[in-house]
Novice: 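Got a structure for you, written out below as structure tokens; questions coming shortly.
This is a predicted model, so every value here is computed, not measured.
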Protein chains: 2
Amino acid sequence: MLNERNLKDLLYQEFSRIGKSLSSPKRLEILDLLSQGPKSVEALSKATTMSVANVSQHLQTLNNARMVKFRKEGNYVIYELADDVISDFITSLHKLSEKQFSQVQQIKQEFLNANLDTEEVTLEELNERMEKGEILLLDVRPKEEYENAHIPGAVSIPMEELKEKLTSLPSNRDVVAYCRGIYCLWSVEAVKLLRNEGINAYRLEKSVQDWNEFQDHIN
Amino acid sequence: MLNERNLKDLLYQEFSRIGKSLSSPKRLEILDLLSQGPKSVEALSKATTMSVANVSQHLQTLNNARMVKFRKEGNYVIYELADDVISDFITSLHKLSEKQFSQVQQIKQEFLNANLDTEEVTLEELNERMEKGEILLLDVRPKEEYENAHIPGAVSIPMEELKEKLTSLPSNRDVVAYCRGIYCLWSVEAVKLLRNEGINAYRLEKSVQDWNEFQDHIN
DNA sequence: CAACTATTCAATGAAACACTTGAATAGAGG
DNA sequence: CCTCTATTCAAGTGTTTCATTGAATAGTTG
């Protein structure tokens, strides 16, 4: 028989399934990757340096919490976020974390300082200077992610191809590179490469999601 | 030395601390209770039917994740949510859960059906009829929670005192009872009691938080 | 249909966790 | 200053979760 205490236990158990899915660092990483677009198990395995079986297991628990869904496509199983709401939720988790963990900021800063004396670009600046045609915006994520969604006007050169294509870039325009957001470090790498080549390069810390939010705000 | 993989592991580990704090049903219940206002360890222990030591331990992990803060007051240690942002975050977790778990809805419905053929009141209705003075709004939460925050115009009669005060209620006005929100069942109890007394009683499923949100929306 | 690939399943040992119990602490009040 | 109370700490136990491994499955391609 269902009494009040039972009911509460049942309900909070259900609620906690979402919490559980967010309680593992690896699962959060998977969710972040999926927020850039659908991916196969193998692709996730590579990106996270986990075994395929392990990733599959995590995806299973995420699926139980209805955080992701999947479809079969040929030999592959393609996973994606179950819902736009979830992408928003993950973003708000990040914001909350950052707000309360100075440690997160510290870790990030330590790394960036060791790697780059970086000048940041804001979305406002970007918007302005894009319209004037003053800059070249570079999306250094994998091609699929660019195709899934990108900042309007951006050119896709995946990190892997950047070295070869360095010479084809204009040296008379400033270049701004972005990838998956604040904790994605490809853009840092890209800026380093470009500067070595004598190009004025800057890092945009923001992601496509941030861009969308920014657009919603000014409209 | 901090390399890219290390950095990611560290960062996601930090992020996951919030997830961890949301991964235990008991902790979620504690957080919900705290979103109604500050509470002592003992009070939480009673409300959740857990041992004091156990609650204390959970509060410790919540504190590590900066989800709660505490102050000492006489003999007692009073815990509360660390931040308004966290209350919002918990609310959005509930909404997300409800959206994806038909099971949650089902559990709730089964219980309510077994207990009450309930007519729900919407916030719009409430607003309208409150202004006309047609109804008496009853807050059946503990006095401290009422004092911490309540819907304007509501009268506080904690559940424990309701039985004794039944006769002092007007039988010529409709009564609407509310407590902590959709999963708080005191309002269900209250409506049952009131109807037995021949009073036209209805349940408001919403909470003070919902009311505040509603007010923000219409302004 | 045989070989191959991507994914999942099942079993293992190791680590993390929840809850209990009983002792320790620290503040309040007589 | 001693007692009482609320809370925390520390140790022990049983359970759940994790990553890893190797086998099983299912779908595709020759």
Side-chain angles (χ1 to χ4, degrees), chain A residues 5-6 8-10 12-31 33-34 38-65 67-80 144, chain B residues 5-6 8-10 12-31 33-34 38-65 67-80 144:
Chain A
R5 183 71 252 157
N6 276 342
K8 278 193 186 158
D9 288 347
L10 277 169
Y12 284 110
Q13 208 176 320
E14 284 302 323
F15 287 144
S16 76
R17 302 223 299 211
I18 290 182
K20 281 219 179 72
S21 69
L22 303 176
S23 70
S24 144
K26 297 292 189 186
R27 279 199 289 272
L28 282 172
E29 194 176 353
I30 291 175
L31 285 172
L33 285 166
L34 289 180
K39 295 218 161 35
S40 72
V41 179
E42 198 195 18
L44 289 169
S45 160
K46 272 208 190 105
T48 59
T49 65
M50 284 193 277
S51 73
V52 176
N54 198 4
V55 171
S56 173
Q57 222 172 280
H58 280 306
L59 286 168
Q60 229 87 165
T61 73
L62 286 172
N63 189 43
N64 282 338
M67 298 292 283
V68 302
K69 59 185 179 184
F70 64 89
R71 57 175 193 276
K72 303 203 173 180
E73 210 168 78
N75 252 338
Y76 296 84
V77 178
I78 309 290
Y79 280 84
E80 62 190 304
E144 312 89 65
Chain B
R5 181 72 250 158
N6 276 343
K8 278 191 186 160
D9 288 346
L10 276 170
Y12 283 111
Q13 210 176 319
E14 284 301 323
F15 288 144
S16 75
R17 300 222 302 211
I18 290 182
K20 282 218 180 73
S21 70
L22 303 175
S23 71
S24 143
K26 299 291 188 186
R27 278 198 291 271
L28 281 172
E29 195 176 353
I30 290 174
L31 286 172
L33 285 165
L34 290 180
K39 295 217 162 34
S40 71
V41 179
E42 197 195 20
L44 289 169
S45 161
K46 272 207 190 107
T48 58
T49 67
M50 285 193 277
S51 72
V52 176
N54 197 7
V55 171
S56 172
Q57 232 171 274
H58 279 305
L59 286 168
Q60 228 87 168
T61 73
L62 286 172
N63 188 45
N64 282 339
M67 299 293 282
V68 301
K69 60 185 179 186
F70 63 90
R71 59 174 192 277
K72 303 203 173 179
E73 210 167 78
N75 251 337
Y76 297 83
V77 177
I78 309 290
Y79 280 84
E80 63 189 305
E144 311 89 66

Novice: Is there a side-chain contact between A:Ile30 and A:Met50 (heavy atoms, below 4.5 Å)?
Specialist: yes
Novice: Of the listed nucleotides (C:dT8, C:dC17, C:dT20), which one gets closest to any side-chain atom of B:Lys20?
Specialist: C:dC17
Novice: At under 4.0 Å, does any side-chain N or O of A:Tyr79 touch on OP1 or OP2 of C:dA6?
Specialist: no
Novice: Whole Å only: how far is the CG atom of B:Leu62 from the P atom of C:dC17?
Specialist: 13 Å
Novice: Side chain of B:Glu42 only, heavy atoms from C-beta on: which candidate in C:dA6, D:dT7, C:dC19 is closest?
Specialist: D:dT7
Novice: Round to the nearest Å and state the distance from B:Glu73 atom CD to C:dA28 atom P.
Specialist: 11 Å
Novice: Taking B:Ile78 as the fixed residue, which of B:Lys39, B:Lys72, B:Arg71 is the one that meets the side-chain contact (heavy atoms from CB on, under 4.5 Å) rule?
Specialist: B:Arg71
Novice: Rounded to whole Å, please give me the gap between CG in A:Leu59 and P in C:dT8.
Specialist: 7 Å
Novice: Is the shortest side-chain N/O distance from A:His58 to OP1 or OP2 of D:dA19 below 4.0 Å?
Specialist: yes
Novice: Rounded to the nearest angstrom, tell me the gap between atom NZ in A:Lys39 and atom P in C:dA6.
Specialist: 18 Å
Novice: Categorize A:Gln60 for me: base, sugar-phosphate, or nothing, with a 4.0 angstrom heavy-atom threshold over every strand shown.
Specialist: sugar-phosphate
Novice: With the side chain of B:Arg27 defined as its heavy atoms from C-beta on, choose the nearest nucleotide among C:dG27, C:dA11, C:dA18.
Specialist: C:dA18
Novice: Counting any heavy atom closer than 4.0 Å, what does B:Phe70 reach on the DNA or RNA strands: base, sugar-phosphate only, or nothing?
Specialist: nothing
Novice: What is the distance, to the nearest angstrom, from the CG atom on B:Asn54 to the P atom on D:dC9?
Specialist: 14 Å
Novice: Quick one: is C:dT8 close enough that its OP1 or OP2 comes under 4.0 Å of any side-chain N or O from A:Ser56?
Specialist: yes
Novice: Considering only side-chain heavy atoms of B:Tyr76, which listed nucleotide, D:dA10, D:dT7, D:dT8, is closest?
Specialist: D:dT7
Novice: Does a side-chain N or O from B:Ser51 land closer than 4.0 Å to OP1 or OP2 of C:dT20, or not?
Specialist: yes
Novice: Which of these nucleotides, C:dG27, D:dT21, C:dG22, is closest to any side-chain atom of A:Ala53?
Specialist: D:dT21
Novice: Can you tell which of C:dT7, C:dC17, D:dT28 lies closest to the side chain of A:Val41?
Specialist: C:dT7
Novice: Write down the distance between CD1 (A:Ile78) and P (C:dA6), rounded to a whole number of angstrom.
Specialist: 12 Å
Novice: Round to a whole Å and report the spacing from NZ of B:Lys72 to P of C:dA28.
Specialist: 10 Å
Novice: Within the 4.5 Å heavy-atom criterion, are A:Ser21 and A:Arg17 side-chain neighbours or not?
Specialist: no
